[in-house]
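What you see is a predicted model; the values in this text were computed from it and never measured.
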Amino acid sequence: MKNFTKAGEVLGYSQSNVSAQIKQLEDELGVPLFNRVGRSVTLTQYGEDLVEYAQSIVSTAAIIENIMQKKETTGGTLRLGIVESLYECIFKTAFTEYHELYPMVEVVVTVGATSDLLVMLSNNQIDAACLIDYPLSNTKWNILYSKECEIAIVSGSAHRLSSESNLSLNELADEEFIMMEDTCSYTGIFQKILEDHKLTIFSVLTIQDPGTAIELLQEGNYLSLLPLYSVRKYVNEDKIKLLDFPQLHLHQAVQIIAHRNRAVVSRTEGFVAIAKKIIDVNIIK
C-alpha cells in the first residue's frame, strides 16, 4: 500500500500497530524493510527479497484454514474484483446461487477497470478478479478460468448500417461512437485498427458502463464497440443490431484470476465454479 495508515485500514489495525509490528520485524531480522520518506514508504531491497516468502506464509495459512473448514461451515469474507461488463452480466445471478451455498460468507465487490483490479490483486486487496483482457501470463497469475469472447460493433435499429451486410471498415469514417474508457484493452486495439486503416471516428461519449451505452444506442444514431456477451440479450430481442464487418477480427479473454502466491480457498473456489457455469451457458455460447 506504500502507506502504513492505508495498510492498517485494509488489515483492520491502527497505523501505530502496523508501524510497531513492522519495526519489531525489522529488529528481529536486523535489516530495514522499508524506506520511510515523509508519509510514504517503499520497500528496500531486503523488503523486496522478503515479499515472496511473506506471500508464501500467508498462502500456507490460508491452505490450513481451507483444510480445516467444510463448505457448509465456511465463513469469512470473499473480496472480489470485477469489470463493469461482467458485473452486469453475471454477478447478480452468481451471487444469489453463491449465497445459498455459502450463507456465512460476506462478499465484498469492487467494480473497476482491469488495470486497477490487477493492482489490487498485487496488493492483496482482493482475493480474485473477473476480467476481460488479453490472455494473462500464468507466471504471475493463477488463471482459474479463461474463455475467448468476441468484441463487436453494434448500433441501434434505426442506424443506416443496421440492415447492411458485409460492411467495409471504411463505412466507419466519421461515425459517432459511444466508447468504453481507454482502460479497456479492446478500446486500444480498436483504435490501433482504425489508425492502420487511416480512419477517424467521432467519439461523442466515453464511459465505463456498457449498460448506459446500450440504452443510448436504442435511443440515438450511434455505434459502439462492446463484448458480444454484454449485448447478446438485446440483439436477440432485436433492440440493437450486431453489425457485419468481415475485416474486424477482435477477440479478448474473459478470465478469473488470483495471485499466484495466494492460496485459493473454498469460498473463492465456490464462486469461480458458479461464475464459470454462468459464463459458459449464458454468455460465451
Side-chain angles (χ1 to χ4, degrees), residues 82-92 111-117 130-135 146-255 278-279 282-285:
I82 187 167
V83 296
E84 184 85 34
S85 61
L86 288 170
Y87 176 82
E88 292 288 338
C89 291
I90 74 169
F91 182 73
K92 290 181 181 178
V111 179
T114 291
S115 56
D116 295 334
L117 298 179
C130 304
L131 315 170
I132 177 169
D133 203 343
Y134 298 101
S146 182
K147 191 84 168 185
E148 186 180 86
C149 69
E150 181 181 352
I151 310 299
I153 297 177
V154 291
S155 75
S157 299
H159 195 279
R160 68 178 183 87
L161 299 178
S162 64
S163 60
E164 302 291 330
S165 61
N166 199 27
L167 289 163
S168 165
L169 288 177
N170 292 328
E171 294 281 1
L172 297 177
D174 300 319
E175 285 290 336
E176 295 184 334
F177 267 77
I178 299 171
M179 298 295 294
M180 295 300 101
E181 58 190 357
D182 291 341
T183 52
C184 289
S185 57
Y186 58 79
T187 297
I189 299 171
F190 181 60
Q191 290 170 342
K192 180 63 167 58
I193 291 172
L194 293 175
E195 290 173 8
D196 291 343
H197 287 79
K198 296 180 172 55
L199 295 172
T200 301
I201 62 171
F202 183 27
S203 179
V204 296
L205 177 64
T206 300
I207 54 175
Q208 183 180 3
D209 176 19
T212 300
I214 291 168
E215 290 178 7
L216 292 173
L217 287 177
Q218 296 175 66
E219 298 171 3
N221 198 34
Y222 311 112
L223 301 178
S224 190
L225 181 78
L226 293 168
L228 185 55
Y229 63 73
S230 67
V231 300
R232 188 185 300 277
K233 169 188 173 185
Y234 303 93
V235 172
N236 291 342
E237 295 173 353
D238 204 31
K239 293 180 178 179
I240 62 174
K241 296 293 185 178
L242 184 65
L243 302 188
D244 178 25
F245 285 92
Q247 290 173 278
L248 186 68
H249 303 285
L250 183 50
H251 294 82
Q252 293 266 269
V254 172
Q255 299 162 93
I278 294 171
I279 294 169
N282 298 321
I283 296 178
I284 302 300
K285 292 184 179 179

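Although no hydrogens or angles enter the test, the distance criterion places a donor-acceptor pair under 3.5 Å between the side chain of Gln255 and the main chain of Tyr134. At distances below 3.5 Å, at least one donor-acceptor pair connects side-chain atoms of Ser224 with backbone N or O atoms of Ile178. A donor-acceptor pair is defined here as one N or O able to donate and one able to accept, closer than 3.5 Å; such a pair exists between the side chain of Asp244 and the backbone of Asn166. Thr187 places a side-chain N or O within 3.5 Å of a backbone atom of Met180 that can act as its donor or acceptor partner.
Minimum interatomic distance between Pro246 and His249 (heavy atoms only, all atoms of both residues): O-NE2, 2.9 Å. Here the closest heavy-atom approach between residue Tyr186 and residue Gln252 is recorded as N-OE1, 3.5 Å. The two atoms that bring Leu167 and Gln247 nearest to each other are O-OE1, 4.5 Å, heavy atoms only. Taking all atoms of both residues into account, the shortest heavy-atom contact from Lys241 to Ser162 is CG-CB, 3.6 Å. Heavy atoms only, all atoms of each residue included: His251 and Glu150 are closest at CD2-CA, 3.7 Å. Between Cys130 and Leu117, the shortest heavy-atom contact is O-CD1, 4.4 Å.
With rounding to the nearest 0.5 Å, the separation of CD in Glu88 from OH in Tyr229 is 10.5 Å. Separating the CD atom in Glu237 from the CZ atom in Arg232 is a distance of 13.0 Å, to the nearest 0.5 Å. Of the inter-residue distances, the one linking Thr206 atom OG1 with Met179 atom CE reads 7.0 Å to the nearest 0.5 angstrom. Going from atom CG of Leu250 over to atom NZ of Lys192 covers 13.0 Å, rounded to the nearest 0.5 Å. Between the CD atom of Glu164 and the CZ atom of Phe245 there is a distance of 10.0 Å, given to the nearest 0.5 Å.
No side-chain heavy atom of Val231 sits under 4.5 Å from any side-chain heavy atom of Leu217. Taking 4.5 Å as the limit, every side-chain heavy atom of Ile151 sits out of range of all side-chain heavy atoms of Ile189. Counting heavy atoms from C-beta on, the side chains of Ile132 and Cys149 come closer than 4.5 Å.
When each of Leu226, Ile214, Leu223 is paired with Val154, the side-chain contact (heavy atoms from CB on, under 4.5 Å) condition holds for Leu226 and for no other.
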From CA spacing to verdict: side chain to side chain contact (heavy atoms under 4.5 Å, CB included), Leu161, Ile153: CA-CA 11 Å; Leu161 299 178; Ile153 297 177; over 6 Å; no

In sequence, state the C-alpha distance, the side-chain angles, and the governing distance for Thr183 and Asp116, and then conclude on side chain to side chain contact (heavy atoms under 4.5 Å, CB included). CA-CA 9 Å; Thr183 52; Asp116 295 334; 5.8 Å; no

After noting the C-alpha distance and the side-chain angles of Ile240 and Val235, does the key distance pass the side chain to side chain contact (heavy atoms under 4.5 Å, CB included) rule? CA-CA 5 Å; Ile240 62 174; Val235 172; 3.9 Å; yes

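The ring pair (Phe, Tyr, Trp, His ring centres under 6.0 Å) test applied to Phe177 returns Phe190, not counting sequence neighbours.
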Below 3.5 Å, can you tabulate the donor-acceptor pairs from side chains in residues 168-175 to any protein atom, sequence neighbours excluded?
{"from": "Ser168", "atom 1": "OG", "to": "Asn170", "atom 2": "N", "distance (Å)": "3.1"}
{"from": "Glu171", "atom 1": "OE1", "to": "Arg160", "atom 2": "NH1", "distance (Å)": "3.4"}
{"from": "Glu175", "atom 1": "OE1", "to": "His159", "atom 2": "NE2", "distance (Å)": "3.0"}
{"from": "Glu175", "atom 1": "OE2", "to": "Arg160", "atom 2": "NE", "distance (Å)": "3.0"}
{"from": "Glu175", "atom 1": "OE2", "to": "Arg160", "atom 2": "NH2", "distance (Å)": "2.8"}

